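Before any comments, here is the structure.
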There are 2 protein chains.
Amino acid sequence: MSKSAGDPAATGGTGGEPKLSRASVQRFSLYLRLLERWSQEGLTVVSSSQLGEALAVNDAQVRKDLAYLGSLGQPGIGYYTRELITALRHRLGVDRTWSAIVVGAGNLSRALLRYRGFAEQGFQFTALFDADPQKIGQVVEGLPVQSPAKIPEILAATKAELAVLAVPAESAQHVADMLVAAGIRGILNFAPVMLKLPAHVSLIAVDLAVQLEQLAFLVHLSQQE
Amino acid sequence: MSKSAGDPAATGGTGGEPKLSRASVQRFSLYLRLLERWSQEGLTVVSSSQLGEALAVNDAQVRKDLAYLGSLGQPGIGYYTRELITALRHRLGVDRTWSAIVVGAGNLSRALLRYRGFAEQGFQFTALFDADPQKIGQVVEGLPVQSPAKIPEILAATKAELAVLAVPAESAQHVADMLVAAGIRGILNFAPVMLKLPAHVSLIAVDLAVQLEQLAFLVHLSQQE
DNA sequence: GGATGTGAACGACTTCACAGCG
DNA sequence: CGCTGTGAAGTCGTTCACATCC
């Protein structure tokens with residue numbers, strides 16, 4: 001469940017690009033994480049079938065995906081993990097630091113702020129907002145809770161490009177509009193609503209209730225036989 | 001990002017089924033939520049294009065999806081919301097109560113336990129586990145934290161079929177194995193690892209770090225032009 | 001008229017299969 | 001040899017277009 005903001009009038013070029021399948025992007029993060037773990041465990045060379053098996057992906061698919069990074073593979077050998085990691089980081093854009101703000105100071109935000117994996121990947125949470133006057137001024141995981149009214153100001157100051165939206169469904173669109181107006185570039189939305197955003201703002205939506213429902217449905221299906 | 005446990009040797013029948021696209025299932029939950037909201041607002045009839053517009057889905061796609069529920073549509077009119085809702089609930093398996101347990105008593109679990117949308121959809125969280133001795137005995141959102149050693153016992157008693165896994169990556173596979181041994185039917189995994197599960201246990205994986213990375217990548221891409 | 005249901009065209013993604021290289 | 005890179009084939013999902021029905 002995730003949808004990027006539009007991509008109209010693309011395919012402008014006369015074609016000939018190596019083709020970046022929209023779906024392979026979904027797997028890049030998984031390759032990267034796995035490679036980082038394996039690399040730390042001392043693995044220096046890896047084959048497409050090893051990667052494929054670990055991630056439940058066809059090995060040809062893995063090669064197609066990785067080919068998009070350039071011809072890094074060594075026939076008869078495999079891929080050098082270090083090289084792959086560097087190339088993946090670059091392609092994914094995580095070879096730099098991303099600054100992100102969090103709106104909504106509930107348990108979900110707390111969980112996100114606490115998770116150390118983000119910092120390792122170059123993500124920094126630089127500000128936390130909540131509309132609840134009771135919460136403003138409190139410090140959560142090292143960040144003071146601030147009024148959403150300050151979003152424009154803070155966003156201008158921190159140059160944060162990403163925002164995590166973990167507010168009630170009712171206020172999600174309103175807050176999103178504020179973020180857009182303040183110049184945000186991408187929103188990770190946890191509120192159970194379909195946000196309407198201009199095309200230049202990217203969107204990933206994660207709806208936890210939907211996920212649980214999907215799981216129930218899978219079980220439901222498997223029980224019907 | 002989600003993958004059901006295998007589905008080998010399927011396609012046994014001689015074909016002829018109305019065809020349930022794996023992807024349309026992803027949308028069923030969204031239709032359902034939207035319809036429930038609109039229905040409460042007094043809407044009694046809805047057209048495929050209305051639904052499509054609200055969810056950014058082609059109207060023909062919506063009709064194809066809904067056709068799988070039977071021929072509920074009224075040519076020239078649309079669909080009766082009540083009928084659609086009932087049919088969707090039945091098809092999704094949420095026209096009954098699902099009992100679920102939660103393993104890992106961190107902030108993410110807290111957020112899930114607190115979210116009221118689950119109860120409305122018939123999901124009940126009946127037990128909470130954590131390996132941290134410090135936490136055992138505490139009461140979180142109304143549920144006492146129990147030792148994972150009690151999983152088999154409690155699972156047998158509560159007949160819970162679903163489990164939410166919100167534990168550190170290191171222990172995720174171990175806990176998953178325990179859950180499987182105890183007879184769980186489906187797992188919603190938040191730990192950043194690829195779980196290996198037997199085919200009869202369904203799996204939905206939500207990796208928050210991957211989602212943020214995907215968002216960064218989308219922004220990264222949009223900035224390259 | 002207005003909306004459904006659906007075959008057919010289209011496009012995207014995946015898998016196969018194999019040439020080619022170290 | 002083993003493993004990559006990739007055209008070709010196959011599968012799946014989406015969109016189009018239109019007959020059909022209220």
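Below, read A as the first sequence line, B as the second, and so on, with proteins coming before strands; counting in each chain starts at 1. Predicted model, so just to flag it, every value in this text is computed and none were measured. Values below: all heavy atoms of this structure, side chains included; hydrogens, waters and symmetry mates excluded.
- Within a 6.0 Å radius of CD in Glu41(A), more than 12 heavy atoms belonging to other residues, nucleotides or ligands are found.
- In this structure, the side chains of Val210(B) and Phe28(A) stay at 4.5 Å or more apart for every pair of heavy atoms.
- An OP1 or OP2 oxygen of dT4(D) is reached within less than 4.0 angstrom by a side-chain nitrogen or oxygen of Ser48(A).
- The listed nucleotides are dC21(D), dA17(D), dG13(D); the one nearest the side chain of Arg63(B) is dA17(D).
- Distance Asn58(B) CG to dA12(C) P: 15 Å, rounded to the nearest Å.
- At the phosphate of dG5(D), OP1 or OP2 sits under 4.0 Å from a side-chain N or O atom of Tyr79(A).
- Comparing dC22(D), dC13(C), dT4(D) by their closest approach to the side chain of Ser47(A) singles out dT4(D).
- When heavy atoms are screened at a 4.0 angstrom cut-off, Gly73(A) is found touching the sugar-phosphate backbone but no base atom.
- Here dT14(D) presents its P atom at 15 Å from OH of Tyr68(B), a figure rounded to the nearest Å.
- Residue Ala60(A) places its side chain closer to dC16(C) than to any other of dC16(C), dG13(D), dT4(D).
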Stepwise side-chain contact (heavy atoms from CB on, under 4.5 Å) check, Glu213(A) with Val94(B)
CA-CA 8 Å; Glu213(A) 209 162 274; Val94(B) 291; 3.8 Å; yes

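- Summarising the geometry, the separation between CG on Asp65(A) and C1' on dT14(C) is reported as 10 Å, rounded to the nearest angstrom.
- Taking atom CG of residue Asp59(A) and atom C1' of nucleotide dC13(C), one finds them 16 Å apart after rounding to whole Å.
- Comparing dG5(C), dG20(C), dC22(D) by their nearest atom to the side chain of Pro75(A) picks out dG20(C).
- One atom, CD of Gln61(B), and another, C1' of dA8(C), lie 15 Å apart when rounded to the nearest Å.
- Side-chain to base pairing of Lys64(B) with dT15(D): one donor and one acceptor N or O lie within less than 3.5 Å of each other.
- Taking every heavy atom of both residues into account, Glu161(A) and Arg96(A) meet most closely at OE1-NH2, 2.9 Å.
- Listed nucleotides: dG2(C), dT4(D), dG13(D). Nearest to the side chain of Ser21(B): dG13(D).
- For Arg89(B) and Glu36(B), the salt-bridge test passes: some basic side-chain N is under 4.0 Å from an acidic carboxylate O.
- Looking at heavy-atom distances under 4.0 Å, Ser71(B) makes contact with sugar-phosphate atoms alone, never a base.
- Atom CD in Glu83(A) sits about 13 Å away from atom P in dT4(D), given to the nearest Å.
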